[in-house]
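One structure below.
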Amino acid sequence: MAEASRCLGCADAPCIDGCPARNNIVKFIRQIAQENFRGAIRTVKESNVFAGTCAYICPVGESCEMKCGSKLDRPVKIGELQRFVAEYERENGFRKFKTLPPKNKKIGVIGAGPAGLSASFYLVCMGYEVEVFEAAELPGGILTYGIPENRLIPDVVKDEIEFIVQMGAKIKINSPVDDLNKFIDHYDAIFIGVGAYGSVKLKIPGEELEEVIQAQNYLKRRKIAVYNNQKPDIKLGSRVAVFGGGNTAIDAATCAKNDGSEDVKIYYRRSINDMPAFKDEIEYCKTLDIEIIEYMQPVSFQGENNKLKSVTIVKTKPGEVDQSGRQRPVMIEGSEFFIEIDSAIAAIGQLPTFENTDIVDVDKKGLILIDDETMKTSHPKIFAGGDAVNGGATVVKAVADGCKAAEGIDALIGKS
Ligand code: FAD
């Protein structure tokens, strides 16, 4: 409450502009200061049903908190205040939202990640019947299968999903939707939230060796074990080289270190300042003695008797500015060197896995094209959001997309 009372309640509320879900931060913080914790969590959930999850893993220093504090000596700890009210609710019981009378319309949601589940929750609140089809054994998408347990407590995710189910969303697990054509006619509208969790390959010799692992596979196999209270069945060696500069690379490296690998290094082909990973996560690496070596790119792996022995790396330097606005890394001729390693983890990017490109328009990368205001695709009754649309952003962005799509669907079919 002391922290909450530091909030100045700015009329222009720059913090809200910094939040993709447009969480009413000023209001929920005022409610905390007034000791109205139930009201505060409700305010957050009106725009973000994954209030607890996001309170653990939102990059607040690069979003809402970055925008706060021009008139204060330091920003208000918005993330910690949100975590406090989310934990308050987990301890004292979730309270259901009132739903509108049934609209007798059925929505099909494909993918039970944060985007799909957020759309489901807000649609249920509006009175729609919602069926969610999830390819995996557990719902939650990357919350369940990607983000490590040291950053996001699995029970927080489980409880928030359980709340959405209690509200009325029906989740069918082990139910991949491969052919949209067979699906469309059963529903009044469809939301696609299938993410983009395919792996970009390094495409270099030796990548096929067993000890060269895709980060997505590594993180997923670890998390499945965590969920089953087992030790991960994927064992890395003592010397691990991770290639990449995003959150996936950082998570893979920190998990490797926390799981017992002694010497873990991250190699990135641009500068550390160009790394897309959250700044806090980069700092966390340093606390674990994980070295991040910039301007390095792997060119081949060498094995002996089909077992990984070493990796050859070439140094790079910044070249021309590319489409991403960053300087393209250029290999420096003759700078190759090799290092002995036991395991390598490739984490150089995510790929969309959406296949029904004959039904909705996609861009060159395979990302689904949508109208930004409504999240509607090129098909009149199909909406989409989350990583399948943006190629990989944040949980709060996926949640915001789901919420916006629910409004878009309601605007389209709510009155007919
Ligand atoms: P996903 O979470 O990928 O969910 C998609 C779901 O659709 C999955 O459950 C999948 O099984 C299912 N699916 C796919 N195809 C089908 C099909 N054909 N039929 C049925 N179901 C299907 N963001 C943050 O804000 N903070 C972080 O700290 C953070 N860390 C991250 C760490 C890692 C390792 C990764 C990879 C991402 C991280 N992100 C983080 C990004 C964030 O997790 C994603 O942006 C977010 O999960 C996207 O949500 P989504 O619902 O669009 O997709």
Side-chain angles (χ1 to χ4, degrees), residues 19-21 48 50 53-63 79 108-120 131-152 157 161 171-180 182-183 190-200 214-220 222-223 242 244 246-255 276-282 284 345 347-356 367-368 375 384-402 405:
C19 173
N48 185 349
F50 280 100
T53 296
C54 286
Y56 278 91
I57 53 153
C58 252
V60 287
E62 294 161 43
S63 50
V109 172
I110 309 174
L117 291 177
S118 163
S120 305
E131 286 181 350
V132 189
F133 291 79
E134 168 53 51
E137 206 174 308
L138 292 169
I142 294 174
L143 307 182
T144 301
Y145 287 120
I147 303 178
E149 67 287 1
N150 64 328
R151 294 207 292 119
L152 178 58
V157 178
I161 295 175
I171 305 178
K172 299 177 188 227
I173 54 164
N174 296 319
S175 304
V177 175
D178 298 322
D179 187 353
L180 263 178
K182 291 188 191 148
F183 194 78
I190 287 164
F191 177 80
I192 303 173
V194 293
Y197 207 42
S199 311
V200 178
Q214 287 295 339
Q216 278 94 327
N217 290 346
Y218 168 59
L219 292 171
K220 189 170 180 176
R222 273 193 80 263
K223 271 303 274 296
V242 180
N247 286 315
T248 310
I250 301 274
D251 278 341
T254 55
C255 285
F278 302 151
K279 301 288 170 270
D280 291 1
E281 296 307 310
I282 296 173
Y284 176 49
I345 302 180
I348 59 163
Q350 286 175 237
L351 276 180
T353 49
F354 179 72
E355 282 176 352
N356 292 263
L367 299 172
I368 302 171
M375 309 307 287
D387 284 5
V389 162
N390 60 44
T394 55
V395 174
V396 67
K397 177 76 179 90
V399 171
D401 283 1

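Every number for a ligand or one of its atoms is a count from 1 in the order of the listing.
Residues passing the side chain to side chain contact (heavy atoms under 4.5 Å, CB included) test with Ile57 are Thr53, Leu143, Ile147, Arg151, Leu152, Val395, sequence neighbours excluded. Listed by chain and number, the residues in a ring-ring contact (aromatic ring centres under 6.0 Å, His included) with Phe133 are Phe183 (sequence neighbours excluded).
Here the heavy atom of the protein found nearest to atom 51 (O) of ligand 1 is Ala115 N, 3.0 Å. If you check which protein heavy atom lies closest to atom 18 (N) of ligand 1, you get Val177 O, 3.0 Å. Among all non-hydrogen protein atoms, the one lying nearest atom 25 (O) of ligand 1 is Val395 N, 2.9 Å. Closest protein heavy atom to atom 26 (N) of ligand 1: Ile57 O, 2.9 Å. Nearest protein neighbour of atom 40 (C) of ligand 1, counting heavy atoms only, is Ile147 CD1, 4.0 Å. Atom 7 (O) of ligand 1 has its closest protein heavy atom at Gly111 CA, 3.3 Å. With hydrogens left out, the protein atom closest to atom 14 (C) of ligand 1 is Val194 O, 3.3 Å, a heavy atom. Protein heavy atom in closest approach to atom 9 (O) of ligand 1: Glu134 OE1, 2.6 Å.
Contact annotation: Pro176 has at least one heavy atom less than 4.0 Å from an atom of ligand 1. Judged by the shortest distance from any of its heavy atoms, Gly392 lies outside the 4.0 Å radius around the atoms of ligand 1. Within the 4.0 Å heavy-atom shell around ligand 1 one does not find Phe354. Contact between Glu355 and ligand 1 is absent, with no heavy atom of the residue lying under 4.0 Å from the ligand.
If you look at Leu152 next to ligand 1, there are no close heavy atoms at all, none under 4.0 Å. Heavy atoms of Asp387 found under 4.0 angstrom from ligand 1 belong to the backbone as well as the side chain. Residue-level proximity to ligand 1 for Ala135 is carried by backbone and side chain together, each with a heavy atom below 4.0 angstrom. At a heavy-atom cutoff of 4.0 Å, ligand 1 is contacted by the side chain of Tyr197 but not by its backbone. Contact annotation: for Ala393 versus ligand 1, heavy atoms closer than 4.0 Å belong to the backbone alone. If you look at Arg151 next to ligand 1, the close heavy atoms, those under 4.0 Å, all belong to the side chain. At a 4.0 Å heavy-atom cut-off, ligand 1 does not touch Tyr145 at all. Contacts of Asp251 with ligand 1, taken as heavy-atom pairs under 4.0 Å, involve the side chain alone.
In this comparison of Pro148, Gly193, Gly246, Gly386, the heavy atom closest to atom 5 (C) of ligand 1 sits on Gly193. Among Phe133, Phe183, Phe278, the residue whose heavy atom lies nearest to atom 20 (C) of ligand 1 is Phe133. With distances taken over non-hydrogen atoms, the option nearest atom 47 (O) of ligand 1 out of Pro114, Gly195, Ser175 is Pro114. When Ile192, Ile110, Ile142 are checked for heavy-atom proximity to atom 2 (O) of ligand 1, Ile142 turns out nearest.
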Apply the test side chain to side chain contact (heavy atoms under 4.5 Å, CB included) to residues Asn247 and Phe278: give CA-CA distance (whole Å), side-chain angles for both, the deciding distance (0.1 Å), then the verdict. CA-CA 7 Å; Asn247 286 315; Phe278 302 151; 3.4 Å; yes
Report the C-alpha distance between Leu117 and Val109 in whole Å, list the side-chain angles of each, state the deciding distance to 0.1 Å, and finish with yes or no for side chain to side chain contact (heavy atoms under 4.5 Å, CB included). CA-CA 8 Å; Leu117 291 177; Val109 172; over 6 Å; no
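One finds the CD1 atom of Ile142 at 8.0 Å from the CD atom of Gln216 (value rounded to the nearest 0.5 Å).
The backbone N or O of Leu180 sits less than 3.5 Å from a side-chain atom of Asn356, completing a donor-acceptor pair. Between the side chain of Asp387 and the main chain of Ala393, a donor-acceptor pair closer than 3.5 Å is present.
A cation-pi arrangement is absent between Lys223 and Tyr145, since the terminal nitrogen or guanidinium carbon is not both under 6.0 Å from the aromatic centre and inside a 45° cone about the axis.
Side-chain contact between Pro139 and Ile173 is present, with at least one heavy-atom pair separated by less than 4.5 Å. Put simply, the side chain of Glu131 reaches to within 4.5 Å of the side chain of Lys172, judged on heavy atoms.
Each of the atoms 2 (O), 4 (O), 8 (C), 9 (O) of ligand 1 lies under 4.0 Å from some heavy atom of Gly141. Applying the 4.0 Å criterion to heavy atoms of Leu219 picks out, from ligand 1, the atoms 34 (C). Close contacts of ligand 1 with Gly113, meaning ligand atoms under 4.0 Å from a residue heavy atom, involve 4 (O), 6 (C), 51 (O). Near Ala398, meaning under 4.0 Å from one of its heavy atoms, ligand 1 places the atoms 48 (C), 49 (O).
Minimum heavy-atom separation, Ser199 to Gln214: CB-OE1, 3.3 Å. Ala21 and Val396 get closest at one heavy-atom pair: CB-CG2, 3.8 Å. Heavy-atom minimum distance, Gly79 versus Val60: CA-CG1, 4.0 Å. Closest approach of Leu219 and Cys255 over heavy atoms only: CD2-SG, 3.9 Å. Shortest non-hydrogen contact noted between Lys279 and Glu62 is N-OE2, 2.9 Å.
With 3.5 Å as the limit, one finds a donor-acceptor pair spanning the side chains of Tyr284 and Asn150.
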